[in-house]
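Shown next, in structure tokens, is the structure this report addresses.
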Amino acid sequence: MTEPRPLKIYNTLSGKKEEFRPITPGHIGMYVCGPTVYSDVHLGNCRTFCSFDNIYRYLLHIGYKVRYVRNITDVGHLTDDGEDRMTKGAKVAQLEPMEVAQRYTVGFHDMMRIFNTLPPSIEPRATGHIIEQIEMVQQILDRGLAYERNGSIYFNVPKFAGEYAGVYGSVSGRILEDLYTETRELKSQEEKNHPADFAIWMKARPQDLMIWNSPWSVGFPGWHLECSAMSTKYLGKTFDIHGGGNDLKFPHHENEVAQNHGACGCHPANYWVHTNMLLLNGKKMSKSDGNTISPTELFTGTSEHTSKAYSPMAVRFFMLMAHYRSTLDITDDGLMAAEKGFLKIMETNRLLQNLVVNARDFDGSETPSDRAISSLIQEAYAGMDDDFNTAIAIASLNEMGSFVHKLSNQQLATSEVSPWVLDRMKVVFSTFLFDIFGLADESATGSDTGTVEGLMNLILEIRAQARTQKDWGTSDKIRDTLSAVGITVKDGKEGVSWAKA
RNA sequence: GGUUUCCUGGCCGAGUGGUUAGGCACAGCUCUGCAAAAGCUGCUACAGCGGUUCGAAUCCGCUGGAAACCUCCA
């Protein structure tokens, strides 16, 4: 990388888009809050991780060396009733908590692979970093920002807010004074001095299964602490980007910032990036109230919310059509439109990669089409540079697609596009589709591709013969039968091609 | 109750002061044996009311509607 690209990122801390400046030129440290592995990963998680996958891929593409850390939460994340999620899952399935963690970690990885996301550079587990968490609790205690109550350690939020003016609330916009009146129905919070205080170490209760020794009690770390400890361990006290879902802003991220400050006196991340929620029926997807659809249901078409099955890449394309900071409502119509758009843009890419122009046709001057295509390429990059706007980039590719089809149909003379512009467009198109958007050509998957290819060639050859003999009955029967099994026959000037519908 | 966000054409969804986003659907045309595919053309909207401005979907205010967070959730 020679020149750093002018990249703008929306920073939750400032509430606006900022010019991105890495701490170390050419390098980026990025931490994203991963899943709690107590049940099957849900679609909302998938959107968040697909969004950060696109951010990760784009940063890599423009030349950064990125260390991408995404944790696995396997302890300390309590339910409403104060029960550890892992323990609860273990009781339900009659398993060891770590069996539960393993089962759903594997499931999560499988799903991430299905969505074609790149694995993070490091994927630390909370249970693998108990020592680091205990050390951080000690650091916070040493700085006088936490207190012990019956073997549990609580972070002293009012004291912290007093010592570091303007820090508490910088992520969520929450005002400490309001938390007195806002917090309703305190549950087992009688040990706390202030309702905003939170546990960084919890003494085990008889029902707790995942417990460790510590200087204060046998217990387990507070949920927020793992991210503070692990981000510090792998990315340093202050790193570039911290991400997660919108709903983690408060209390999780707010408390994370407080803990890091409490431990080291510095801010953990320069840029906080939050993705927005996936909606179903206009409301946030939520397992607890049944307003949800699982990735698997989406892929198999077994949900009452959709009329048919949608492929993983069609779903990913659907997500790409919206900006990561906007809510995205899952609807059957929206998915259908995305699926068609996805199939079309993949087909456009196939046509583009096969286009050939003869260099001898050119005198080296720039044609109007050259200029238009070059400016569309610029727009695609400008979109990504402006807070990773994939919707803008897709719009630009679609407009390039119009040139591709015209060239392919010979509705635009090949002499109208210079070879070097065509080559550039080929590279840009496939780079965006595969390297940046993380899409994959699903029609090309499968080990029987060669067989299908051979069969199709035979069938279409027979049809071509029938057509030259004006045997429309045979010709149409082939076309209609193929159509019935989901294969579209495309008659073009150059010959016949086909695609799975 | 507190805090915050959003309301864009038939549908999805970009866009934050002046220029056609894009996709899907639909209509017409071209191509075709007929279709499909593809191309071209058309459909040009910004919840309502008021204000600021030469000019607002974009800024401000009010009204209406929806959602999120405050409590586990990406």
Side-chain angles (χ1 to χ4, degrees), chain A residues 15 32-36 38 41-52 77-83 85 88 169 172-175 178-187 195-196 223 243-252 274-279 282-288 317-318 321-323 325-342 344-345 347-348 351 379 383 386 389-399 401-402 404-406 408-412 467 470 472 475-476 479-480 483 488-493 496-499 501:
Chain A
V32 173
C33 289
T36 302
Y38 66 104
V41 62
H42 82 110
L43 199 56
N45 275 276
C46 295
R47 184 196 185 192
T48 292
F49 300 136
C50 282
S51 295
F52 282 106
H77 193 169
L78 306 184
T79 67
D80 258 352
D81 312 323
E83 196 172 5
R85 303 183 95 82
K88 191 175 182 183
S172 64
R174 227 148 281 274
I175 296 160
D178 295 342
L179 292 174
Y180 270 118
T181 50
E182 284 174 20
T183 308
R184 306 172 295 189
E185 287 303 308
L186 308 182
K187 305 175 292 274
W223 170 43
N246 224 340
D247 50 353
L248 292 180
K249 280 183 189 169
F250 190 89
H252 186 58
H274 288 100
T275 58
N276 217 135
M277 300 294 102
L278 210 47
L279 308 182
K283 288 188 178 174
K284 182 179 158 180
M285 301 206 359
S286 160
K287 275 190 258 193
S288 50
F317 191 75
F318 172 70
M321 295 204 314
H323 185 86
R325 274 190 295 113
S326 299
T327 55
L328 175 61
D329 198 1
I330 294 187
T331 61
D332 208 34
D333 287 347
L335 285 166
M336 238 183 275
E339 181 185 55
K340 289 200 176 185
F342 168 67
K344 186 169 161 185
I345 206 167
E347 173 65 12
T348 301
L351 288 172
E379 280 173 30
D386 187 12
N389 198 323
T390 52
I392 293 281
I394 288 175
S396 308
L397 292 189
N398 274 320
E399 291 198 66
S402 176
V404 173
H405 285 291
K406 275 190 259 189
S408 180
N409 288 346
Q410 297 171 331
Q411 288 170 334
L412 181 67
R467 295 185 77 208
K470 298 199 191 300
W472 309 128
S475 165
D476 289 354
R479 183 219 287 158
D480 296 342
S483 168
T488 309
V489 175
K490 301 173 181 183
D491 292 313
K493 283 188 174 154
V496 188
S497 64
W498 61 277

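Order of the sequence lines fixes the chain letters, A, B, ..., with proteins taken first and strands second; residue numbering starts at 1 for each chain. Values reported hereafter were calculated over all heavy atoms of this structure, with side chains retained and with hydrogens, waters and symmetry mates removed.
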#### Entry: Between B:C24 and B:C49 - P atom distance, rounded Å
33 Å
### Query
Does A:Lys406 make a side-chain N or O approach to OP1 or OP2 of B:C40 shorter than 4.0 Å?
yes
### Query
Taking everything shown except A:Lys249 itself, do over 12 heavy atoms lie less than 6.0 Å from its NZ?
yes
### Query
When you measure from the side chain of A:Asn246 to the backbone N and O of A:His274, does any donor-acceptor pair fall under 3.5 Å?
no
#### Entry: Closest-nucleotide 5' rank along RNA chain B - winner of A:Ser172 and A:Ser396
A:Ser172
### Task
For the side chain of A:Ala391, starting at C-beta, report the closest nucleotide among B:A21, B:A74, B:C69.
B:A21
### Query
Taking the side chain of A:Asn398 as its heavy atoms from C-beta onward, which of B:G33, B:C69, B:G23 lies nearest to it?
B:G23
#### Entry: Closest to the A:His405 side chain, choosing from B:A38, B:C70, B:C40
B:A38
### A:Phe250 and A:His252, any side-chain heavy atoms less than 4.5 Å apart
no
### A:Arg174, nearest nucleotide to its side chain (from B:C12, B:C70, B:A21)
B:C70
### Query
At under 4.0 Å between heavy atoms, what does A:Leu335 touch on the DNA or RNA strands: base, sugar-phosphate, or nothing?
nothing
### Task
Indicate, yes or no, whether a donor-acceptor pair under 3.5 Å links the base of B:A36 to the side chain of A:Arg479.
no
### Query
Starting at the 5' end of RNA chain B and moving along, which residue's nearest nucleotide shows up first, A:Gly334 or A:Leu43?
A:Gly334
### Task
Return no unless some side-chain N or O of A:Lys344 is found under 4.0 Å from OP1 or OP2 of B:C24.
yes
### Message
With a 3.5 Å distance limit and no angle check, can you tell me whether A:Ser396 reaches the backbone of A:Ile392 through a side-chain donor-acceptor pair?
### Response
yes
### Task
Could you check which of B:A14, B:C12, B:A74 has an atom nearest any side-chain atom of A:Phe318?
B:C12
### Closest nucleotide among B:A74, B:C40, B:C34 to the A:Ser402 side chain
B:C40
#### Entry: Any N/O donor-acceptor pair, A:Asn276 side-chain to B:A74 base, under 3.5 Å
no
### Task
Indicate, yes or no, whether a donor-acceptor pair under 3.5 Å links the base of B:G33 to the side chain of A:Ser475.
yes
### Query
Does B:C6 have OP1 or OP2 sitting under 4.0 Å from an N or O in the side chain of A:Ser326?
no
### Query
For A:Ser483 and B:A36, is the shortest distance between a side-chain N/O and OP1 or OP2 below 4.0 Å?
no
### Message
Taking the minimum atom-to-atom distance to the side chain of A:Phe250, which one of B:C70, B:G39, B:G33 wins?
### Response
B:C70
### Query
Does A:Trp472 lie flat on the base of B:G33, that is, centres under 5.5 Å apart and planes under 30° off?
yes
#### Entry: Rounded distance in Å between the C1' positions of B:A74 and B:C31
49 Å
### Message
On the side chain of A:Asp491, is there an atom forming a donor-acceptor pair with the base of B:G33 - under 3.5 Å, no angle test?
### Response
no
### Task
Compare all side-chain heavy atoms of A:Leu335 with those of A:Ile330 and state whether any distance is below 4.5 angstrom.
yes
### Task
Could you please name the option among B:A14, B:A74, B:A38 that lies closest to any side-chain atom of A:Asn389?
B:A14
### Task
Taking atom C1' in both B:U5 and B:U16, compute the distance separating them and give it to the nearest angstrom.
15 Å
### Query
Does a nitrogen or oxygen in the side chain of A:Asn409 sit under 4.0 Å from OP1 or OP2 of B:C31?
no
### Message
Nearest to the A:Glu399 side chain among B:G22, B:A14, B:C40, which nucleotide is it?
### Response
B:G22
### Message
Taking only the P atom of each, what is the distance from B:G64 to B:A56 in whole angstrom?
### Response
26 Å
### Query
Rounding to the closest angstrom, what is the interatomic distance between B:C26 and B:G65 at atom P?
35 Å
### Message
With rounding to the closest Å, how many angstrom separate the P atoms on B:G15 and B:U53?
### Response
29 Å
### Message
Between B:U58 and B:A21, how far apart are the two P atoms, rounded to whole Å?
### Response
16 Å
### Message
Say we look at B:U19 and B:G55: how far apart would their P atoms be, to the nearest angstrom?
### Response
15 Å
### Query
Any donor-acceptor pair under 3.5 Å between the side chain of A:His42 and the base of B:A74?
yes
### Query
Between B:C12 and A:Lys340, is there an OP1 or OP2 to side-chain N/O distance shorter than 4.0 Å?
no
